Asker: 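Could you have a look at this structure, given as C-alpha cells, before my questions?
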Amino acid sequence: MLTGHVRLGKLLFVIISIKLFIMVMFFSYDSSNEVVPPERFVIIDELLVDKSDEPSWTEQLKLIRKELPSFPLEEMLRRSAETPKCGQVPGPLNIDFSNDYWQTFLNDNLTYHIYGAYYDNREMMGEAPVVRVLTMINYYGQHEKMRYPATFCQLWFRDRVEPVVVNVTDHKLIWLWGGSSAYSYPTLLSCCLPKTNGSNAQEAPEMVSLVTQPCDKSRNLMRVTYEPDESSTAVTDVAQKQQPEQQQEQTNNTQLQRKPLRFMVCLKCMDFIYRDLSWRLIEWLELIRILGADKVVFYDCQIHPNITRVLNDYMQTSPGFVELRPISMARGEPHAMPHLQHYAMHADTLNRLLNEMIPYNDCFYRNMYKYDYIGAFDIDEVIMPLGNVTNWTDLIDLAYKVPDYQRETWNCSEWVSFCFRNVYFPAYPERPKVYKQLPSFYYMLQHVERVAEHSDRFSATKCLHSTRYTIGLHNHFPLFRADTGECEAKSVPIQYAQLQHYREPEDKTLLLDNPIIDDSIWRFQPLLQQRVYAQYERLGFLPSVEQVLIAKEQRHKDDELQLNKSISMG
C-alpha cells in the first residue's frame, strides 16, 4: 500500500516538474532573436499594354491608303528621282488638302474640290480610254451655256518620268435643279488619253493632277482608281488558249446555263449619329442579298456605334459583301466633329443633297468593271419583284421584254437603266399589327400596309443602272449615258416590280386613304426571318428569357393600371 503511494507521488512530481519547465522556457523566450524565413514576393514587371511591334513600312502604307483612298503616296514614293521637263509631281506635303478627303485646285475664279479619279476604258464609251475626275465646283448654270476656264490633266504613268498632258474635254454637271454661287456642285471632268504621243492608250495612268497650264507644278495629285474584274480577265485568257471548237462548245453551255447577273448597291453618306437603325439595317441587308445583291458600299458620315458594329460584323463574317468607306463634305464643314457635322448637314439641305452625288458616283466608278448593274438606294428602299419573279436577275430579263410605262420604245433594244416606281409603306403606328405572332423587330416583314397609289415615273424612283452605258449618276436616275445606241432609262410597269419605300410620304393626304395590304415580301419570309434572327442572336441583340418574363410582367401591370384608370374615370 505504502509502495503504491510512493509511486503515485513520484509520478505527480515528474508531471509538475515538466509543466514548470515548459512555463519557464515560455516566459524566458526572446522572440526578437527568432530567425524568420524570408517572405516570398511576386514582382509584377509586365503591364497589360499594347506591346506589338510597329507595323512595317509596307503595312504603314496600307494604313495610310485606308485613311486616304485617293492620296497616291505609294505611287509618289516609288517614282524616279529624275526631274521631268514638263510639270512636276508635287511632294507629299505640298498638296492642298481640304477636310481630310478632298484636294483643292484653283482656276481663275473657280475652286475645284477633288474627291477621286477613275480610269474608264469601257467598250461602249466612244471617248474611251478616259480618266474621269470627280469634283465639286462653285459654279452653276444651264448645261449648254456654262463656260469653264481651260484646264489640263497631267497624267502620270508608272516608270515614265514625263507626264502625258491633255485638255479637260468635258465638265458634266451632275445636277439639274437650280442653285447659286454659295454652293459647290458635283461635276465629272473628262481627260481623254491620246492614241499617240508615245503613250499606250490601254495602260491606266497611276496618278492625275489638274493644272491651268500644261507644264505647271501642281498642288493636287489623285490616285487613278482602276479595279478591273480579275475573274473576267482570267476567263478571257482561258478562252483565248482554247481551240475554236472548244470555244463554241463553251459558248453553247454558257447560253444554256447563264450565270446570274452581278448586282451591287451604293448608298449615300450615312448620317445616323443619334438614331440606332442597326436592327433595320440587318433586315434590309439580308433581303437585298436574297434578291441578288453581291456587294453593298456604305459611306461613313458619323454613324451610331451599333450600326458600326453591324457593319464590322458583316465585313468579318461575309468578306466582300459589305464595304465601309470614308467621306466628308466638300465645302469644308468639319468632319472630325461628328455632332457639328450632323448639324451642318441638316442646317443646309441643298448642300447635303449636292454632296450626296459624290458617294454614288465614286461607288459606281470603283465597281463598274465587276458588276452588271448598280443601284443607288437608301436603307429604307427595296426594289421588289412581283408575281413569280423573286430575284433581280430574272427581273432584268423581264424588264427587257415588258413595255416602258407611258413611253413608246418599240425601236429600243438596250437601256441605260431600268427604273421602278415608288410606293410608300408608312409605319401606321396607330393601326394594330397585321401579323400579331411576329415580333415587331422584323420591320419590313411586319409593315405590309402601303398607300394606295404609286408615285409617277419621275418622283422618288430608283433604278438599276447598267455599267455598260451609265456615266453620271443622280440618286434617282442617270444624268449622263454613253449614247452609243442605248435608250434612256425604262420605267418598268408596277405589275412587274415596284420600289417599296418604308417611310412616311411627303404628301400626308396619302395617309388618309385606307391602306392596302401588300405582303409581297412574305414570299421570302422563312429564309429572311431565319437569317435576321441569326444575326440578332450572334450580335447579342435578343433579350434573355429572364428579361422577356420581366417585360411581360411589367406589361401586365401596365395593362391593369390602365384598366383601373378607365374604370375610375367611368
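What you are looking at is a predicted structure, and each value in this text was computed from that prediction instead of being measured. Positions are given from 1, in the same order as the sequence printed here.
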Asker: Distance only, no hydrogens: is a donor on one side chain within 3.5 Å (strictly under) of an acceptor on the other, for Y115 and Q103?
Answerer: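 No pair is found: no donor N or O on one side chain lies under 3.5 Å from an acceptor on the other.
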Asker: Minimum heavy-atom separation for T135 to I358, with atom names?
Answerer: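 Closest pair (atom of T135, atom of I358, distance): O-CD1, 3.9 Å.
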Asker: Roughly how far, to the nearest 0.5 Å, is the CD1 atom of I174 from the CG atom of N361?
Answerer: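 Output value for this atom pair is 4.0 Å.
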Asker: With a 4.5 Å cut-off on side-chain heavy atoms, are L287 and M384 touching?
Answerer: yes
Asker: Are L539 and N306 close enough that some pair of their side-chain heavy atoms sits under 4.5 Å apart?
Answerer: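 Sidechains of N306 and L539: no contact.
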Asker: Return yes if a side-chain donor-acceptor contact under 3.5 Å exists between H465 and T470, otherwise no.
Answerer: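 Judged by distance alone, the side chains do not pair up.
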Asker: Which distance, rounded to the nearest 0.5 Å, do you find between the OH of Y371 and the NZ of K295?
Answerer: 5.0 Å
Asker: Do R450's NZ or CZ and the ring of Y424 fall within the cation-pi criteria of under 6.0 Å and 45°?
Answerer: no
Asker: Using 30° and 60° as the class boundaries, would you call the ring planes of W392 and F263 parallel, tilted or perpendicular?
Answerer: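 Because their plane-to-plane angle is over 60°, the rings of W392 and F263 count as perpendicular.
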Asker: Is a salt bridge present between R262 and D294, judged by a nitrogen-to-oxygen distance below 4.0 Å?
Answerer: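 Salt bridge absent between R262 and D294.
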Asker: I need the D100 CG to H335 NE2 distance, nearest 0.5 Å.
Answerer: 5.5 Å
Asker: Does either side chain, that of Q500 or that of Y502, offer a donor lying less than 3.5 Å from an acceptor on the other one?
Answerer: yes
Asker: Can a salt bridge be assigned to the pair R65 and E67 using a cut-off of 4.0 Å between side-chain N and carboxylate O?
Answerer: no
Asker: About how many Å separate CE of M345 and CD of Q341, when rounded to the nearest 0.5 Å?
Answerer: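 Q341 atom CD to M345 atom CE measures 6.0 Å (nearest 0.5 Å).
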Asker: Does the pair T187 and M136 meet the rule for a side-chain contact (heavy atoms from CB on, under 4.5 Å), with working shown?
Answerer: CA-CA 6 Å; T187 309; M136 298 277 284; over 6 Å; no
Asker: Taking the side chain as everything from C-beta on, heavy atoms only, tell me whether Q498 gets closer than 4.5 Å to N422.
Answerer: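 No, too far: nothing below the 4.5 Å cut-off.
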Asker: Test F441 against Y536 for ring-ring contact (aromatic ring centres under 6.0 Å, His included), laying out the working first.
Answerer: CA-CA 10 Å; F441 53 67; Y536 289 160; 5.3 Å; yes
Asker: Looking at Y443, I'd like to know if the NZ or CZ of R280 sits under 6.0 Å from its six-membered ring centre while staying within 45 degrees of the ring's axis.
Answerer: yes
Asker: Could you check whether the rings of H474 and W177 sit parallel, tilted or perpendicular, using 30° and 60° as the cut-offs?
Answerer: tilted
Asker: Does the Lys NZ or Arg CZ of K172 fall within the cation-pi geometry relative to F480 - under 6.0 Å from the ring centre and within 45° of the axis?
Answerer: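 Geometry flag: set, cation within 6.0 Å and 45°.
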Asker: Quick one: do D313 and R309 make a salt bridge, cutoff under 4.0 Å?
Answerer: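 Here D313 does not pair with R309 in a salt bridge, since their nearest N and O are not under 4.0 Å apart.
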Asker: Do W175 and L479 touch side chain to side chain, with heavy atoms closer than 4.5 Å?
Answerer: no
Asker: Apply salt bridge (Lys or Arg N to Asp or Glu O under 4.0 Å) to R531 and E283, showing your working.
Answerer: CA-CA 8 Å; R531 288 186 177 183; E283 187 179 14; over 6 Å; no
Asker: Angle class for the F418/Y373 ring planes (parallel below 30°, perpendicular above 60°, tilted otherwise)?
Answerer: tilted
Asker: Any ion pair linking R223 and E74 (charged N to carboxylate O, less than 4.0 Å)?
Answerer: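 Yes, charged N to carboxylate O under 4.0 Å.
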Asker: Do the rings of W522 and Y435 sit parallel, tilted or perpendicular, given the 30° and 60° boundaries?
Answerer: tilted
Asker: So D362 and Y299, side-chain hydrogen bond (donor to acceptor under 3.5 Å, both in side chains) or not? Walk me through it.
Answerer: CA-CA 10 Å; D362 176 72; Y299 287 79; 2.5 Å; yes
Asker: With under 30° as parallel and over 60° as perpendicular, where do the rings of W102 and H113 fit, or are they tilted in between?
Answerer: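 Plane angle over 60°, so perpendicular.
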Asker: Could you check whether the rings of Y274 and H339 sit parallel, tilted or perpendicular, using 30° and 60° as the cut-offs?
Answerer: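 Rings of Y274 and H339: parallel, under 30°.
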Asker: Side chains of I282 and S278: does their closest heavy-atom pair fall under 4.5 Å?
Answerer: no
Asker: Verify whether one side chain among Y183 and D348 offers a donor that lies under 3.5 Å from an acceptor in the other.
Answerer: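 Y183 vs D348: donor-acceptor pair found between side chains.
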Asker: Is D378 paired with R503 through a side-chain N to carboxylate O contact shorter than 4.0 Å?
Answerer: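 Answer for the salt bridge query: no.
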Asker: Mind running ring-ring contact (aromatic ring centres under 6.0 Å, His included) on F377 and W284 for me, showing each step along the way?
Answerer: CA-CA 11 Å; F377 308 156; W284 180 82; 7.2 Å; no
Asker: Distance check, rounded to the nearest 0.5 Å: N351 atom CG versus E356 atom CD?
Answerer: 10.5 Å
Asker: Does Q495 reach the side chain of L386, with side-chain heavy atoms less than 4.5 Å apart?
Answerer: no
Asker: Of the non-hydrogen atoms in L267 and P359, which two are nearest, and what is the gap between them?
Answerer: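 Answer, listing the atom of L267 first, then P359: O-CB, 3.9 Å.
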Asker: Between R352 and D271, is the closest basic N to carboxylate O distance under 4.0 Å?
Answerer: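 No, D271 and R352 are not salt-bridged.
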Asker: Any side-chain heavy-atom pair from I494 and R421 closer than 4.5 angstrom?
Answerer: yes
Asker: Nearest 0.5 angstrom please: Y369 OH to D229 CG, how far?
Answerer: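 Going from OH on Y369 over to CG on D229, the span is 11.5 Å.
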Asker: Does the side chain of E286 come within less than 4.5 Å of R289's, by heavy atoms?
Answerer: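 Yes, close enough: below the 4.5 Å cut-off.
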Asker: With ring centroids as reference points, do F97 and F71 lie under 6.0 angstrom apart?
Answerer: yes
Asker: For P493 and P403, which heavy atoms make the closest approach, and how far apart are they?
Answerer: CD-O, 3.2 Å
